[in-house]
Amino acid sequence: MLDAILGGLRLVATLDLRLWEIVALSLAVSLSAVVFATLLGLPLGAAIAVGRFRGRQAVIVVLNALMGLPPVVVGLFVYLLLSRAGPLGELGLLFTPPAMVIAQTILIVPIIAALARQAVEDAWREYEEQLRSLGVQGLRGALTVLWDIRFSLLTAVLAGLGRASAEVGAVMIVGGNIDGVTRVMTTTIALETSKGDLPLALGLGMVLIAIVLALNAAAQMIRDAAQRRYG
Amino acid sequence: MNGILPLRLERVSFAAGGRTIIEPLDLTLEAGASTVILGANGAGKSVLMRLMHGLLAPSTGRVAWSTEGPRRRQAMVFQRPVMLRRSALANVVYALDAAGVPVGQQLRLAREALQEVGLAYAAGRPARVLSGGEQQRLALARAWALHPEVLFLDEPTANLDPGATREIEAVIKAFDVAGTKIVMSTHSLGQARRLGDEVIFLHQGRVAERAPIDRFFPQPASPEAAAFVKGELPWA
């Protein structure tokens, strides 16, 4: 056990090429997914928060429920979509990093949208009268609030990133865990552990946790600085 | 110039959650004289102003300005102003932009408005870290920049200390001098006297009395107003 931990540390410390390729691909996939999911999720959440339409409550319930979407189910859905016989089969994306980005994006859009919806709705209660008095409503009002609480929304984005970088099921199914092509941290950990190569699995585990910690610490610092600066 | 005044409220009432807040009332507000809406807490002052400003839709009756599209020619300052997380100057620019003022004029008008309320020194500071009095003056600058014909003020100094209150009142006077019709709610009789020309006294959602200010205070005609004036000024 101790040997495995030391082995893992050695891989991290010696900048083992195989390990860092896997780390780099993981980050590229999850960060891309977060960018797309943020671009989709924030406006979606804000629109639901500010909009007044029939079935709004039902939409919110469904959105909140989708936060708990099982990654393997999303993986299966995207697999069917991209498989050769599927509607998007011609694109030839299955078992490539773009397929993994698509799956993770679908997985975390509901998380970012639902958390943004809550944050914007709370802020909207404070802003609505003032903005309507200034003649601002609808889309413009939603965008104003979204921009004004942008630092609080970091939490929503981070929750999405945490989910994306931690999940195994979706990237395993649509990526196929192909060595050097679609192998990411979580799928490698799962595979190496079952093979008994604990040092690599542990090394990756340490890197994964360190990255998540560093990102959260950075976000916390940005929020605090913004709070001091803008009130 | 075709003004948006007079403002006519015809059989306007407002109810929410099964409770009647404003009983059906008729009111006409003319240009010129500053109108102070007086009344105890819960008398319906804020709701009445929101009905006039168009933030609330009346349950019955109608609120009619003399010309269409009055939104840009009236402004409202709330008891607690909401500032955006950007500089004081940018908050005024935002209001100008929302009102459709051409981009080329926004900065100049915003700076003039800050100058007018004595906030030029704070133009670059984030609006949310200004003091309560400064934020309320910024809210007034936001209104000033729009040169509204009518300015609604909902207890604008309720949360402020005497010094800040004096500054706010000076700005409100400047609006009056510049020709803006002032419609202000307050429960401070002193403030009503300092700023008002006429009083609309609300009691439990009804207009109990409407009178010129120098008639209202010495001899209120309605028993409700008499009790209010006496209660607020126990030494009188």
Side-chain angles (χ1 to χ4, degrees), chain A residues 38 42-43 45-47 49-54 57 115-158 219-231, chain B residues 46-47 49-57 69-88 90-101 122 124-132 134-136 138-143 145-146 148 150-154:
Chain A
T38 300
L42 291 187
V50 172
R52 293 286 170 267
F53 51 90
R54 272 175 65 125
Q57 285 304 324
L115 294 176
R117 198 273 307 165
Q118 187 66 57
V120 171
E121 199 165 305
D122 292 344
W124 187 242
R125 239 171 255 139
E126 181 192 350
Y127 289 63
E128 183 183 9
E129 254 193 350
Q130 182 75 66
L131 291 183
R132 279 179 55 211
S133 172
L134 294 173
V136 175
Q137 42 197 331
L139 180 65
R140 181 165 189 175
L143 292 177
T144 296
V145 173
L146 214 46
W147 179 248
D148 222 52
I149 62 169
R150 57 195 180 278
F151 298 108
S152 322
L153 291 173
L154 267 180
T155 310
V157 173
L158 272 184
Q220 180 79 41
M221 283 192 297
I222 292 173
R223 266 202 308 270
D224 287 354
Q227 174 76 34
R228 276 194 303 275
R229 173 86 179 78
Y230 297 105
Chain B
S46 292
V47 170
M49 299 200 49
R50 281 165 172 74
L51 286 165
M52 291 173 173
H53 188 44
L55 289 177
L56 291 175
R71 166 60 55 201
R72 284 169 51 186
R73 290 156 76 177
Q74 48 161 323
M76 182 152 176
V77 169
F78 298 88
Q79 187 171 338
R80 290 193 323 148
V82 177
M83 292 300 155
L84 299 175
R85 286 189 182 80
R86 48 185 91 184
S87 72
N91 267 280
V92 183
V93 167
Y94 179 88
L96 287 164
D97 196 55
V101 173
R125 288 197 207 153
R128 290 223 173 194
V129 302
L130 298 177
S131 73
E134 286 171 327
Q135 287 200 28
Q136 197 57 292
L138 179 52
L140 285 163
R142 199 155 58 177
L146 301 172
V150 184
L151 176 64
F152 294 102
L153 301 124
D154 185 14

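Letters A, B, ... mirror the listed sequences (proteins, then strands); counts begin at 1. Computed from a predicted model, the values in this text were never measured in an experiment.
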Enquirer: Is any side-chain heavy atom of Leu131(A) closer than 4.5 Å to a side-chain heavy atom of Gln137(A)?
Expert: no
Enquirer: Check Arg128(B) against Tyr230(A) and note the closest heavy-atom contact, atom names and distance.
Expert: CB-O, 3.1 Å
Enquirer: At a 4.5 Å cut-off on heavy atoms, which part of Arg229(A) comes close to chain B: side chain, backbone, both, or neither?
Expert: both
Enquirer: Please rank Met76(B), Arg85(B), Met83(B), Arg86(B) by heavy-atom pairs under 4.5 Å with chain A and give me the top one.
Expert: Arg85(B)
Enquirer: Where is the tightest heavy-atom contact between Leu134(A) and Ala98(B), given as atom of each residue plus distance?
Expert: O-CB, 3.6 Å
Enquirer: Checking Glu121(A) now: which residues fulfil side chain to side chain donor-acceptor pair (under 3.5 Å) with it, not counting sequence neighbours?
Expert: Arg56(A), Arg117(A)
Enquirer: Between Arg142(B) and chain A, with a heavy-atom cut-off of 4.5 Å, which part of the residue counts as in contact: side chain, backbone, both or neither?
Expert: side chain
